[in-house]
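Order of the sequence lines fixes the chain letters, A, B, ..., with proteins taken first and strands second; residue numbering starts at 1 for each chain. Computed over heavy atoms, backbone and side chain alike; hydrogens, waters and symmetry mates excluded.
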Protein chains: 2
Amino acid sequence: MLNERSPTRIQKKNRAAILEAALEVFSAHGFRGATVDQIANQAGLSKPNLLYYFPSKDAMFTALLSELLDTWLDPMREIDASGDPLEEILAYVQRKLQMSRDYPRESRLFANEIVQGAPRMLDALSTDLRDLLQEKEAVLQGWMAAGKINQTHPKHLMFSIWALTQHYADFDVQVRMLMGPEDPFDAAPEFLETLYRRMLTPKS
Amino acid sequence: MLNERSPTRIQKKNRAAILEAALEVFSAHGFRGATVDQIANQAGLSKPNLLYYFPSKDAMFTALLSELLDTWLDPMREIDASGDPLEEILAYVQRKLQMSRDYPRESRLFANEIVQGAPRMLDALSTDLRDLLQEKEAVLQGWMAAGKINQTHPKHLMFSIWALTQHYADFDVQVRMLMGPEDPFDAAPEFLETLYRRMLTPKS
DNA sequence: CGTGACTTTGACCAGTTGGTCAAATCCAAC
DNA sequence: GTTGGATTTGACCAACTGGTCAAAGTCACG
């Protein structure tokens, strides 16, 4: 039996290897499209051995999610209500874009799930994400009321940032196919900065 | 045997029912997540009967794609090089947004495929979409050179329109979960119009 | 009607998949 | 090095999946 109290050296190593492999496979094929065999292969372990560490495919997925969600939401947490409004938002956009560049698999994992109705994720999202959004929405509204940034719908503003930044990870194949040899991430930062600067800079 | 020359009344009806069911199921679960049985059920036919009309699950998916891609690209085709630049782009954004509202399943079908690397779709995209984008990119560049709209990266501008509008269909569950009872499509048109108006209106 | 083509289906098949289990092997601490 | 728990695995299973097929049923039309 697996002892969860004090993980051994081997447990730590294998658990990490499995989650890394699960991220690779789940993000590329979605939950149903991924097979335990694939993950086992990717992790360099046998299938029964995987199921020694995680009782089921579902458990692997759930564990992976709860490990990633926190990191995924970090860029939004860092938005500082006491900073300069426009610069805070622009910095957030750049952090999100950087996440798409550095962690595209994580982005696709979430995208896969949400597109299919988030059957295994809605609970987590409807607590963590909902609360965090509500908090930052209030911050945005404060900035708008103070005339620091243009008036607009705060929720849609956040959606737009998610959509624009994650697009480069989630639709990577399409973007690269259409851009040829040019790296999408070369021009994206400047494009998004310009977009949100024009959108939000107060008319004064 | 199935006679493809002159479809009978029954052939027309069943083919349509199958493609409608396939859209429903493929868009909700992705290609691999969908089962032929599910589609048969949804269409009100038996599984062998489905396979009488389409030789394989793959053929169903391919047929569905080639039927939808044209419609999907229509809003972009309608961009008129001789129209008013800013209004043409704003109208395009609204058409795309309307597509997300009226045909969310189609949007999710494409999203599902592309997120997973578009294994069955890249060919179609890399001809039809690539050509169309190249054409409209030239139009945008003309408008920018003439000072009719602000200078910006035309490809990223198009990507941003796709990302923002399709987000409302593809991430529907997340958006609705965060917006509560309010309909996302109430405020989205105005938000996007404002966004692109501020982005593109020349500084003069 | 009757007849030939079109349509539908129950039974079936081989391959895949998530998961089990008992036995074997490994490892750390005494 | 012995021992007891931790780890690994080959063999296996039931459910599911895409697809086949021969036989039965239905339809249009002369």
Side-chain angles (χ1 to χ4, degrees), chain A residues 1-65 112-113 116 119-120, chain B residues 1-65 112-113 116 119-120:
Chain A
M1 256 281 283
L2 212 166
N3 176 6
E4 297 181 15
R5 293 279 165 180
S6 53
T8 67
R9 173 183 58 89
I10 295 176
Q11 271 171 44
K12 264 188 250 179
K13 191 193 61 176
N14 282 347
R15 230 188 109 90
I18 292 169
L19 287 179
E20 157 66 25
L23 172 59
E24 183 73 23
V25 176
F26 279 136
S27 70
H29 305 287
F31 179 80
R32 198 167 190 294
T35 73
V36 178
D37 262 319
Q38 258 178 310
I39 300 174
N41 247 341
Q42 183 82 26
L45 299 173
S46 69
K47 184 168 63 160
N49 204 1
L50 274 218
L51 294 163
Y52 168 72
Y53 288 99
F54 293 91
S56 69
K57 183 182 170 183
D58 231 286
M60 266 173 245
F61 193 78
T62 304
L64 187 58
L65 271 190
N112 252 315
E113 263 305 280
Q116 299 187 10
R120 285 161 270 272
Chain B
M1 256 281 283
L2 212 165
N3 175 6
E4 295 180 17
R5 292 277 165 180
S6 53
T8 67
R9 174 183 58 90
I10 294 176
Q11 273 173 41
K12 264 187 251 177
K13 193 192 61 177
N14 282 347
R15 230 188 108 90
I18 291 169
L19 287 178
E20 157 67 26
L23 172 59
E24 183 73 24
V25 177
F26 280 136
S27 70
H29 305 288
F31 180 80
R32 198 166 191 295
T35 73
V36 178
D37 261 320
Q38 259 179 311
I39 300 174
N41 248 341
Q42 182 82 26
L45 299 173
S46 69
K47 184 169 62 161
N49 204 2
L50 273 218
L51 294 163
Y52 169 70
Y53 288 99
F54 293 91
S56 69
K57 182 182 171 184
D58 231 287
M60 266 175 247
F61 192 79
T62 304
L64 187 58
L65 271 190
N112 252 315
E113 265 303 282
Q116 299 187 11
R120 283 161 271 273

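- By the side-chain hydrogen bond (donor to acceptor under 3.5 Å, both in side chains) test, B:Glu113 is found to be paired with no residue, residues two or more places apart in sequence or in another chain being considered.
- Contact annotation: A:Gln11 side-chain N/O to D:dA6 OP1/OP2 distance is not under 4.0 Å.
- Between C:dT8 and B:Tyr52, no contact under 4.0 Å exists linking OP1 or OP2 to a side-chain N or O.
- Nearest heavy atom pair, residue B:Ala43 against residue B:Ala17, reads CB-O, 3.8 Å.
- Annotation: side-chain hydrogen bond (donor to acceptor under 3.5 Å, both in side chains) contacts involving residues 40-50 of chain A, sequence neighbours excluded, are absent.
- Among C:dT7, D:dT8, C:dT9, the nucleotide with an atom closest to any side-chain atom of B:Thr8 is C:dT7.
- Applying the salt bridge (Lys or Arg N to Asp or Glu O under 4.0 Å) test to residues at least two apart or on different chains, the pairs with a partner in residues 10-20 of chain A are A:Glu20-A:Arg105.
- The ring pair (Phe, Tyr, Trp, His ring centres under 6.0 Å) search around B:Phe61 returns B:Phe26, B:Phe31, not counting sequence neighbours.
- Each salt bridge (Lys or Arg N to Asp or Glu O under 4.0 Å) pair with one or both residues in residues 49-59 of chain B, not counting sequence neighbours, would appear here, but there are none.
- Residue contacts for A:Phe54: at a heavy-atom cut-off of 4.0 Å it reaches no nucleic acid atom on any strand shown.
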Below 3.5 Å between N/O atoms, which protein atoms pair up with nucleotides 25-30 of chain D? Just atom names and distances, please.
residue: D:dA28; atom: OP1; partner: B:Arg9; partner atom: NH2; Å: 3.0

Item checked: Footprint string (nucleotides 15-24 of chain C, 5' to 3'): B base within contact, S backbone only, - free, heavy atoms under 4.0 Å -> --SBBBB---

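- Applying a 4.0 Å cut-off to non-hydrogen atoms, none of the residues of residues 19-27 of chain B approaches DNA chain C.
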